[in-house]
Colleague: 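What follows is a single structure, and I will ask about it in a moment.
Below, all heavy atoms of this structure are taken into account, side chains as well, without hydrogens, waters or symmetry copies. Just so you know, these numbers come straight off a predicted model, no measurement behind them. Residue numbering restarts at 1 for every chain, and letters A, B, ... go by the order of the sequence lines.
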Amino acid sequence: MSVIRLQNISKIYQDHGLPVRALDDVSLEIEAGEFTTIVGPSGSGKSTLLNIISGLDSPTSGQVFVEERQLDKLKSCELVNLRLHRIGFVFQAYNLIPVLTAQENVEFIMLLQGQPKIEREKRARELLDAVGLGDQMRRRPTELSGGQQQRVAVARALASMPAFVLADEPTANLDSAAAENLLTIMERLNHEKGMTFIFSTHDQRVVKRAHRIITLEDGRIASDVKADPH
Amino acid sequence: MLLLIAWRNIWRNFKRSGIIIVSIAFGIWAGVFTIALSLGMVNQMVEDALRTYISHIQIHKPGFRQRREVKLVIPAGREIAAQLGQAPSVQGAAPRSVVAGMAGSPTSTNGVQIIGIDPQAEAKVTDISERLIDGEYFESSKRNQAVIGKKLAERLNLRVGSKIVLTAPMPSGEIGAGAFKVVGIYKTSTSMYDETTVFVNIQEADRIFVLSGGIHEIAVVMHNIDQADSLTTALRSQFPDLEIFGWKDISPELAMMTEMMDQSLLIIMIIILLALVFGITNTMLMGVLERTRELGILMALGLKNGKVFVMILWETILLSLVGGAVGILAGIVTNALCRRTGIDFSLFAEGLEAFGMAAIVYPAMHTRHYIIVSVLVILTAVIAAIYPGIKAMRLKPVEAIRTY
């Protein structure tokens, strides 16, 4: 069963009164357990595609299905709940809550889900251990390096036990070692837990590890190939 | 955790939060001090009036309060006063004869109220004996003694030891007159009272104005003023032929002033807080605009609009409570310090005394006023949070993340 299904998605923005076609008749399916990258030059529609998959943005035409639920049929609170319970986010700029510690950042999603305190603390510790930050739990984001912050963001994305994780250029602000480290963690989670990852990226290090590479050009899918990760 | 985030967010921009906290604290302090000062003035005025001439309950023959006719005496008034004085809830009950007459000295005359008192019983009811600025209270061994107010002494050019002639109509319609020696001069906080009230011994008033043992008034003071209403009701059923009034009926303007003061002070506090609303809203709005991206991320992650509003609301309430607490504490300390010595308004003493107010004011504030101020601070915070809160909850996550 596909976790994500897009049917003839188009997105047209108005930019100073002029229409800009960000996505043009995009259709694709992503199966559970995939480690997929969406690549393409700037302005090709990668981030727009991720926003539409997550329900943060709506398409001008076409339908989006997440676990066979059609997003445009959901009420706004149902959409919020879907994001909260079924989708994990990793952003380019980490976007952790600066006033919370690493552990509290990871717990925050579970708190919104209404999980009990003991469960939240246990799972936050496990996840931070899994991303190699078991000894940094009490530190706030400003006390962590970029790579460490992004690993906290991955732990936060996984805290809600999502159906899939959307990662928008997760390695863009990281040095090579931090990027490799992060990708190894995500790859391991994909192998061991069957977690589905969808990346939008320019980074060849990510592309090399992907099982599937979708290339966007001018808002259209230029290629969609299975790959052997190196 | 929303509360935790809100609390920590306040201190992210220490300087900005600090400035608004100081503003709130200063506004609240000013409000609290103004309230305490005003309440102190009014409380003193009421207490002075009650302790000096009104007392808590007054008993008269019907019609006496309106017409002041000398023949309207209370039958067996002295016995009733003595009996009331024994009641456990009563601090003192004093019989009085009250006649309107003239006071004359070799140089001038003045219209006065001549009050015949039992000096010992009266000392339990009024504090004239404690307000003497010259001479002494009545001495049992001497006859025809009078205690007069400072203003009257000045007007009639009298000193302790001077002679004063008191004339007043008698129940028969004839005019009675007697010469008295000024033994004491008192001063209250009401100059008008000091100018128009002369105290003499009730036995001598009875003899000179031929009152035949009758008295016109019984003044009662309770140990606890709150019990005055219940005793008034009980006395009304016990003495249906007499007119019995509590202090609020005797001096409705004082009662009204107390109530009006509460409302006026509430209005002053609301005005101060309304002015603060704009500052708090501005600070919160800057916080929201500065954190637009962060709020967008939180909403993208699954924080519902309502909770975004609640987070901003908590932040505003906590910010205001910190300022409010500092302001209230500063107010409590200032009030306590000023209560020790009082605040001296001697420069305006003459004007204040014309209104029955003392020149030295002791700030006073009840716990309920502090509670009201605290509730108002929270209400202010809620009002101040509305606009920034709505602004935050209306953010579109995708735009907030993309634009900021």
Side-chain angles (χ1 to χ4, degrees), chain A residues 11 13 22 47-48 50-58 75-101 103-115 117 120-121 124 140-142 153 156-157 159-160 162 165-166 168, chain B residues 1-18 283-284 286-319 322 388 390 392-404:
Chain A
K11 178 71 184 181
Y13 289 112
S47 295
T48 305
L50 290 196
N51 286 339
I52 284 175
I53 290 172
S54 64
L56 285 172
D57 209 349
S58 52
K75 293 178 192 160
S76 69
C77 62
E78 290 173 327
L79 211 50
V80 172
N81 275 333
L82 178 86
R83 283 202 298 272
L84 179 59
H85 292 275
R86 305 307 297 154
I87 306 174
F89 291 92
V90 179
F91 301 94
Q92 179 181 341
Y94 330 133
N95 291 319
L96 299 173
I97 305 170
V99 294
L100 298 182
T101 63
Q103 185 184 346
E104 288 165 343
N105 263 288
V106 178
E107 276 187 50
F108 183 68
I109 299 292
M110 293 183 273
L111 176 91
L112 295 180
Q113 287 180 326
Q115 292 187 31
K117 188 173 169 57
R120 292 199 312 257
E121 286 178 351
R140 289 198 186 179
T142 48
R156 179 178 69 178
S160 62
V165 173
L166 297 174
D168 189 4
Chain B
M1 195 177 283
L2 283 184
L3 193 62
L4 180 75
I5 295 175
W7 175 252
R8 290 184 185 166
N9 272 337
I10 292 175
W11 308 111
R12 276 167 82 169
N13 194 326
F14 187 82
K15 215 180 266 179
R16 190 171 62 205
S17 297
T283 301
M284 291 310 300
M286 283 200 281
V288 168
L289 292 175
E290 209 174 76
R291 301 205 307 268
T292 297
R293 182 184 171 83
E294 192 179 312
L295 290 166
I297 296 287
L298 288 173
M299 293 163 96
L301 291 176
L303 188 67
K304 290 180 179 153
N305 291 4
K307 288 199 169 166
V308 172
F309 184 86
V310 170
M311 192 170 79
I312 300 297
L313 182 66
W314 270 126
E315 203 170 317
T316 320
I317 288 177
L318 290 173
L319 184 77
V322 171
I390 289 175
M393 69 189 273
R394 281 192 180 158
L395 288 174
K396 299 241 179 306
V398 71
E399 285 170 15
I401 297 169
R402 192 168 46 214
T403 314
Y404 291 87

Colleague: So which residue, L79(A), D57(A), N95(A), I87(A), ends up with the most heavy-atom pairs under 4.5 Å with chain B?
Modeller: N95(A)
Colleague: Please flag which part of F108(A) lies under 4.5 Å from any non-hydrogen atom of chain B: side chain, backbone, both or neither.
Modeller: both
Colleague: Below 4.5 Å from any heavy atom of chain B, which atoms of N51(A) appear? Answer side chain, backbone, both or neither.
Modeller: side chain
Colleague: For a quick test of reading the model, state the closest non-hydrogen atom pair linking P397(B) to L56(A) and the distance between them.
Modeller: CB-CD2, 3.7 Å
Colleague: What residue, out of V99(A), L84(A), I97(A), has the most heavy-atom pairs lying under 4.5 Å from chain B?
Modeller: V99(A)
Colleague: Do you know the tightest heavy-atom contact between L112(A) and K307(B)?
Modeller: CD2-CD, 4.5 Å
Colleague: Take N81(A) and K304(B), measure what side-chain contact (heavy atoms from CB on, under 4.5 Å) needs, and give me the verdict at the end.
Modeller: CA-CA 9 Å; N81(A) 275 333; K304(B) 290 180 179 153; 3.3 Å; yes
Colleague: If you tally heavy-atom pairs under 4.5 Å against chain B, which of R156(A), R83(A), H85(A), Q113(A) wins?
Modeller: R83(A)
Colleague: Check each atom of R86(A) against the heavy atoms of chain B and say whether the ones under 4.5 Å are side chain, backbone, both or neither.
Modeller: neither
Colleague: Chain B heavy atoms under 4.5 Å from E104(A): which part of the residue, side chain, backbone, both or neither?
Modeller: both
Colleague: What part of I109(A) is in contact with chain B, defined as an atom under 4.5 angstrom from a non-hydrogen atom: side chain, backbone, both or neither?
Modeller: side chain
Colleague: Which heavy-atom pair separates A300(B) from F89(A) by the least distance, and what is that distance?
Modeller: O-CE1, 3.4 Å
Colleague: For a 4.5 angstrom cut-off between non-hydrogen side-chain atoms, does N305(B) reach V80(A)?
Modeller: no
